[in-house]
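All figures in this text were calculated on a predicted structure; none of them were measured in a lab.
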Amino acid sequence: MNNESLYQFSTLTVVLLLVAFYGGTYLITLSIRKKTEDADEFMVSNHRVGFGMGAASMTATWIWAASFYAAATSGFTYGVSGPIHYGFWGALMILFIYPFGRRFRKLAPNAHTLGELIHARHGSSSQLILAFSNVLGSIISLMVNFTAAGALVSVLSPLSFQAGVIMAGTGVLFYTFWSGFRASVLTDFAQLVALMAIAIIIIPAVFFAMGGPAELVEGLKHVTPQQADFFSMDAILNQGAPFFVAVLAYAIGNQTISQRLFAVNEDHIKPTFITATVGYGAIVIGLGMIGLMALTLGVEPMNGDMNNLIPQMVSEYLPPFFIALFFILVIGSLSSTADSDLSALSAIIMADVYGKNIARGKPDPRRMLLIGRVTMIVATMLGITFASFSLDILVMLVFVGALWGAIVFPVIASCFWNRVTNAAFTVSVLVAMVLFCVARFELVPLTGLSGLFFELLACIGGGVIIGLMVFGFLGRTLGIIAGVAAMIAMLIFATGFLRDYTVLLSSLTAYGTSTLVCVVMSLSSRQERFDFATIGEKVGNYDEALDAENRRDSDSIQTRPATPTNA
């Protein structure tokens with residue numbers, strides 16, 4: 001994999017950089033380590049994370065390996081508009097959890113996962129579907145981040161791809177294992193400070209080392225017309241639109257976001273998410289420009305692997321000191337997300353699987369901690385194993401985003417509409433996932449009536465996305481109007497050619513199908529309407545519940561009449 005023309009560190013230097021980074025991160029976590037951890041703190045820091053820590057953690061979590069590699073891939077593949085499509089829509093993924101997040105927190109202020117809220121609303125089947133989608137997404141995210149670490153180490157040192165994957169996985173587990181989410185938030189803050197400081201140096205350094213604005217403009221003469229067009233339809237239909245479709249899917253389906261939603265002090269939710277949105281967009285769009293520069297200069301990714309593009313550019317154009325800074329930049333970004341994925345996975349297994357199903361609402365917080373830590377070990381092993389396959393990052397992101405699209409409407413509707421039933425939630429998601437796979441992998445020909453069928457579902461999906469976005473910020477009436485208008489516009493302009501863009505078609509199909517099935521089944525049900533006030537009563541803190549139970553037992557013992565004894 002290595003190219004002798006590229007600068008490489010020695011094995012010892014790379015090992016020392018990794019030991020310094022992960023060792024320093026571990027030392028930071030020692031400042032919050034407790035002899036006896038609290039299950040609620042392990043999952044959501046007892047819902048008391050402040051604005052500064054919350055915004056920094058959200059930004060650092062979302063600026064992950066894909067922010068580097070996929071943003072550069074976007075610039076390299078789609079040209080001028082590529083970085084904008086990736087960075088801008090990615091930023092909106094953070095912003096759009098806010099309006100719905102306020103509702104989630106109002107219904108279940110003491111929740112640890114969105115799945116707990118859904119369990120209180122519907123029961124186990126709907127909750128486990130949501131939990132499964134989150135587990136799948138977080139495992140893929142771990143794989144993506146460990147893949148990025150392997151690519152980085154293999155390009156910048158004599159070490160193998162697998163060695164880089166293993167070292168990154170072990171390092172992240174090392175500092176996250178004991179304190180869980182608390183460790184993730186604290187280290188995110190430190191990592192973001194380093195990320196911003198280094199990014200301010202690295203991005204302009206690469207840009208000007210490659211020739212600067214003049215070279216960029218000159219190089220545009222050598223790319224395709226579509227790549228040179230800021231409003232490229234190729235970029236919009238193949239990347240911009242699919243990422244726009246994924247905005248709500250990631251906002252609702254990603255446990256790393258909802259975990260921070262439930263952890264942040266309720267008064268600070270709005271400024272936390274707005275600040276994270278701006279910070280993410282600015283940094284990631286800048287990173288994508290490196291890929292655009294590589295395109296204009298005619299650079300080819302090593303071995304045809306797009307994951308090598310950014311390490312290759314930095315190694316070729318920057319001096320050793322800057323390369324070392326870049327190495328820490330990428331390791332910090334992927335680690336901040338990987339530790340969030342480990343924390344998210346542990347919370348899902350602790351609360352959704354054990355707390356609400358295996359223990360049936362009467363969990364032992366001490367056992368929950370053990371389960372959470374074992375989950376981290378297993379998840380790290382799975383992430384390392386899957387990372388060895390070295391799959392394409394951008395493809396994986398679109399795939400999991402589309403799968404999450406199937407749950408968006410059922411989840412949101414369940415929190416606002418009292419007629420949604422458990423059966424409607426479960427069946428709509430399963431049917432949507434099946435039809436998504438049929439369209440995505442073209443299991444039936446997307447021509448004739450079958451092609452028209454999927455396009456009609458996709459048009460409904462497009463209307464749903466626009467409607468939900470407007471509804472979140474402007475209310476139900478304007479949301480319905482916007483959704484219907486968007487659906488009609490798509491029926492007029494999109495049918496007949498949308499079938500040629502299977503990624504976009506399948507993603508929209510997931511939204512449209514789940515919405516259609518969920519609405520029809522809910523309206524036809526005679527089930528009693530749900531009382532949202534009961535959700536808060538069913539979702540609480542585990543350690544507080546145990547303490548209350550212990551106090552009741554103690555009071556019962558103290559007030560119990562003494563047993564008479566024989567003289």
Side-chain angles (χ1 to χ4, degrees), residues 62 66-67 69-96 133 137 140-141 144 226-227 229 231-254 281 284-285 288 291 306 391-409 432-433 435-442 446 451 454-455 457-466 468-469 486-487 489-490 493-495 497-515:
W62 213 233
S67 302
Y69 293 84
T73 298
S74 299
F76 187 84
T77 304
Y78 299 110
V80 174
S81 62
I84 305 296
H85 284 305
Y86 188 89
F88 183 71
W89 303 126
L92 286 187
M93 292 178 191
I94 302 173
L95 182 63
F96 273 96
S133 69
I140 289 177
S141 178
V144 167
Q226 283 290 321
Q227 290 172 328
D229 184 3
F231 300 99
S232 166
M233 289 303 297
D234 182 46
I236 291 173
L237 292 173
N238 285 299
Q239 175 165 321
F243 265 66
F244 177 78
V245 169
V247 164
L248 281 177
Y250 272 86
I252 301 301
N254 195 318
V284 172
I285 290 174
M306 296 297 263
L391 301 174
D392 185 273
I393 291 175
L394 204 55
V395 171
M396 297 304 298
L397 291 177
V398 171
F399 181 77
V400 73
L403 285 178
W404 276 337
I407 70 171
V408 170
F409 181 85
M433 290 178 67
L435 289 183
F436 160 73
C437 291
V438 171
R440 181 66 183 87
F441 301 110
E442 299 186 52
L446 297 179
F454 281 103
E455 285 180 335
L457 288 175
C459 290
I460 296 174
V464 169
I465 292 170
I466 299 299
L468 287 176
M469 288 180 172
M487 183 181 66
M490 288 193 66
F493 298 107
T495 51
F497 84 92
L498 195 57
R499 65 192 68 179
D500 296 329
Y501 299 90
T502 54
V503 174
L504 179 58
L505 177 71
S506 58
S507 300
L508 290 172
T509 295
Y511 278 92
T513 303
S514 64
T515 300

| Roughly how far, to the nearest 0.5 Å, is the CZ atom of R499 from the CG atom of L505? | 9.0 Å
| task | Look up atom CE in M233 and atom CG in N238, then write down how far apart they are to the nearest 0.5 Å. | result | 10.0 Å
| field | A249 to G405 - nearest heavy-atom pair and separation | value | CB-N, 3.6 Å
| Does E455 use its side chain to pair, donor to acceptor, with the backbone of T495 at less than 3.5 Å? | no
| remark: Exactly one of L498, I460, V464 clears side chain to side chain contact (heavy atoms under 4.5 Å, CB included) with L508, and that residue is L498
| So, does W62 use its side chain to make a donor-acceptor pair with the main chain of M93 at under 3.5 Å? | no
| task | Work out which heavy atom in G87 is nearest to a heavy atom in V284; give both atom names and the distance. | result | CA-CG1, 3.9 Å
| Relative to each other, are the rings of Y501 and F497 parallel, tilted or perpendicular (30° and 60° limits)? | perpendicular
| Stepwise side chain to side chain contact (heavy atoms under 4.5 Å, CB included) test for D229 and S81 | CA-CA 7 Å; D229 184 3; S81 62; over 6 Å; no
| remark: Between L446 and F454 the two heavy atoms that sit nearest each other are CD2-CD1, 3.8 Å
| task | For the residue pair S74 and H85, establish whether any side-chain heavy-atom pair is separated by less than 4.5 Å. | result | no
| task | Give a yes or no on whether the backbone of G137 and the side-chain of S141 come within a donor-acceptor separation of less than 3.5 Å. | result | no
| Min side-chain heavy-atom separation N254-W404 under 4.5 Å | yes
| said: For F231, I'd like to know if atom CZ has over 12 heavy atoms of other residues, nucleotides or ligands within 6.0 Å. | reply: no
| query | Are a donor atom and an acceptor atom from the side chains of S232 and Q227 found within less than 3.5 Å of each other? | reply | no
| remark: Here the gap from S514 atom OG to L435 atom CG, rounded to the nearest 0.5 Å, amounts to 10.5 Å
| query | How many angstroms lie between atom CD1 of I407 and atom CG of L248, to the nearest 0.5 angstrom? | reply | 11.0 Å
| From F244 CZ over to I236 CD1, what is the distance, rounded to the nearest 0.5 angstrom? | 12.0 Å
| For the residue pair Y511 and G461, what are the closest heavy atoms and their distance? | CB-CA, 3.8 Å
| request: Check A510 against F436 and note the closest heavy-atom contact, atom names and distance. | output: CB-CB, 4.2 Å
| query | Between F243 and Y86, is the gap from one ring center to the other below 6.0 Å? | reply | yes
| request: State the CE-CD1 distance between M490 and I465, to the nearest 0.5 angstrom. | output: 8.0 Å
